[in-house]
Amino acid sequence: MSEMIEIEGVTKAFGGIVANDKITLDVPEGRITGLIGPNGSGKTTLFNSIVGYHPIDSGSIRFEGKEISKLRVPGIARLGLLRTFQQTRIYSKMDCVNNMLISVSHRHEGVRDMFSKYPPEVTERAEVLLEYVGLYQKRRLISGDLSFGQQKLLEFAMALMNEPRVLLLDEPTAGINPTLINGLIDRLKRANQEMGVTLFVIEHNMPVIMNLAEHIYCLANGRLLAEGPPEKIQKDKRVIEAYLGGHYT
């Protein structure tokens, strides 16, 4: 099994606050890997560093064997490494189909009047993916009128539109109606199994991540606290202690 992401000794500080302290972990190809930890443990900072939002202070980040720690977001995205966010980043005044199209605009020359430049197969793929996430009937609705959970599904479909090799998901179930969570979990698993997308997932909902991930890393105070399969992590006394008296984030 090859490693899609290799993180070795990564440190990132903001002023005097060390958000990530010599973190080392791997994300294997074709798997779903989880990342958990209490509030302020450095999970989102690590994701931002992986995709190029925060340049690291030291260490190494490799994607399919290539060092990417000096690259910025567009260059990393073109390699097939994308992420979603806790708060959705959609174009709220556009309908769902146009959200899908603008998400791949970097592959087309020109931004003005770009919607007329897309070949029919691109629009068709957009509609297929909207159906995949259960939003086909809402494809012409203004995305800002969707529920927060539906907006998260749209953002997930927008990421898939770019055919990622690896997708980093930051709390995909946060803010979603509990009745929709099982459907989202099923779609994440299907994207992994049917589309071959490797997933690296931050999740605060412990039952969800235990059901979803095959291997889980736990951060605390910016450091790697524990790692292993779900059955090991949920019994680890260090992990349990890290969460006592706090909220999952």
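Note that these values count all heavy atoms, side chains included, but never hydrogens, waters or copies made by symmetry. Since this is a predicted model, take the numbers as computed values, not measurements.
- Counting heavy atoms from C-beta outward, Leu25 and Ile5 have side chains that stay 4.5 Å or more apart.
- Not one N or O on the side chain of Glu171 forms a donor-acceptor pair closer than 3.5 Å with the backbone of Ile202.
- Two residues are said to be in side-chain contact when any heavy atoms from C-beta on lie closer than 4.5 Å; Ile233 and Met210 meet this criterion.
- With values rounded to the nearest 0.5 angstrom, Met158 atom CE is found 11.0 Å from Leu82 atom CG.
- A pairwise comparison of heavy atoms in Ile209 and Gly34 identifies CD1-CA, 3.8 Å as the closest pair.
- Applying the salt bridge (charged side-chain N to carboxylate O under 4.0 Å, His left out) rule to Arg187 yields no partners; only residues at least two apart in sequence or on another chain are considered.
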>> Run Val166 and Phe63 through side-chain contact (heavy atoms from CB on, under 4.5 Å) and show every step you take.
In response: CA-CA 9 Å; Val166 178; Phe63 179 62; 3.5 Å; yes
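- In this structure, Arg139 contributes its side chain and Cys96 its backbone to no donor-acceptor pair below 3.5 Å.
- Heavy-atom minimum distance, Ala159 versus Thr84: CB-CG2, 4.4 Å.
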> Given Ser60 and Glu6, is the side-chain contact (heavy atoms from CB on, under 4.5 Å) satisfied, shown in steps?
Replying inline: CA-CA 8 Å; Ser60 172; Glu6 298 170 275; over 6 Å; no
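- Around the CD1 atom of Ile17, the shell of radius 6.0 Å holds no more than 12 heavy atoms that belong to other residues, nucleotides or ligands.
- Atoms CZ and CD, from Arg165 and Glu29 in turn, are 5.5 Å apart once rounded to the nearest 0.5 Å.
- Neither Leu188 nor Val128 shares a network with the other; the hydrophobic side chains, linked directly or stepwise wherever heavy atoms of I, L, V, M, F, W or Y lie under 4.5 Å apart, form separate groups for each.
- Under the 3.5 Å distance criterion, the side-chain polar atoms of Asp21 are left unmatched by any main-chain donor or acceptor of Gly222.
- Within the structure, the salt bridge (Lys or Arg N to Asp or Glu O under 4.0 Å) test picks out the following pairs touching residues 83-93 (sequence neighbours left out): Arg83-Asp170.
- Counting only heavy atoms from C-beta outward, the side chains of Ile7 and Ile50 approach each other to under 4.5 Å.
- Residues Gln234 and Val239 form no side-chain contact, since every pair of their non-hydrogen atoms from C-beta on lies 4.5 Å or further apart.
- In the hydrophobic clustering of ILVMFWY residues, with side-chain heavy atoms under 4.5 Å counting as a link, Phe148 and Tyr91 come out apart.
- The hydrophobic clustering, which links ILVMFWY residues whose side-chain heavy atoms are closer than 4.5 Å, places Leu160 and Ile185 together.
- To the nearest 0.5 Å, atom CG of residue Leu153 and atom CD1 of residue Ile90 are 11.0 Å apart.
- Ion pairing between Glu8 and Arg62 holds under the 4.0 Å rule for side-chain N and carboxylate O.
- Shown here for Met161 and Arg125, the closest heavy-atom pair between the two residues is O-NE, 3.7 Å.
- Taken together through direct or relayed side-chain contacts under 4.5 Å among Ile, Leu, Val, Met, Phe, Trp and Tyr, Leu46 and Phe85 form part of one hydrophobic cluster.
- With Val201 as the partner, the side-chain contact (heavy atoms from CB on, under 4.5 Å) test is satisfied by one option alone out of Val208, Leu169, Ile36, Leu35: Leu169.
- Under a hydrophobic-cluster definition in which Ile, Leu, Val, Met, Phe, Trp and Tyr are linked whenever side-chain heavy atoms come within less than 4.5 Å, directly or via other members, Tyr136 and Ile142 are assigned to different clusters.
- Remark: Leu168 CG to Phe47 CZ distance equals 4.0 Å, nearest 0.5 Å.
- Counting heavy atoms from C-beta on, the side chains of Ser49 and Ile61 come closer than 4.5 Å.
- The two residues Ile216 and Ala213 come nearest to each other via the heavy atoms CG1-CB, 3.8 Å.
- Here the side chain of Lys43 pairs a donor or acceptor atom with the backbone of Gly37 at under 3.5 angstrom.
- Looking at Tyr217 and Ile23, their side chains never come closer than 4.5 Å, going by heavy atoms from C-beta outward.
- Ring planes of Tyr132 and Phe156: tilted class, angle from 30 to 60°.
- To the nearest 0.5 Å, the span separating CG on Asp26 from OG1 on Thr33 amounts to 9.0 Å.
- A side-chain donor-acceptor contact under 3.5 Å links Asn192 to the backbone of Val197.
- Around NZ of Lys22, the count of heavy atoms belonging to other residues, nucleotides or ligands within 6.0 Å does not exceed 12.
- The shortest distance between side-chain heavy atoms of Leu129 and Met100 falls below 4.5 Å.
- Among residue pairs with one or both ends in residues 141-156, those qualifying as side-chain hydrogen bond (donor to acceptor under 3.5 Å, both in side chains) are Thr88-Gln151, Asn99-Ser143, Ser147-Gln150; sequence neighbours excluded.
- Nearest heavy atom pair, residue Gly30 against residue Thr198, reads N-OG1, 2.7 Å.
- Panel note: side chain Arg238, backbone Leu225; a donor-acceptor pair is recorded below 3.5 Å.
- Interatomic distance, OG1 of Thr44 versus CG of Asn20, reported as 10.0 Å (0.5 Å rounding).
- The number of heavy atoms from other shown groups lying within 6.0 Å of CG (Asn177) is above 12.
- Taking the side chain as every heavy atom from C-beta outward, Thr173 and His204 approach each other to under 4.5 Å.
- When all heavy atoms are compared, the tightest approach of Ile56 to Ser69 is CD1-CB, 3.7 Å.
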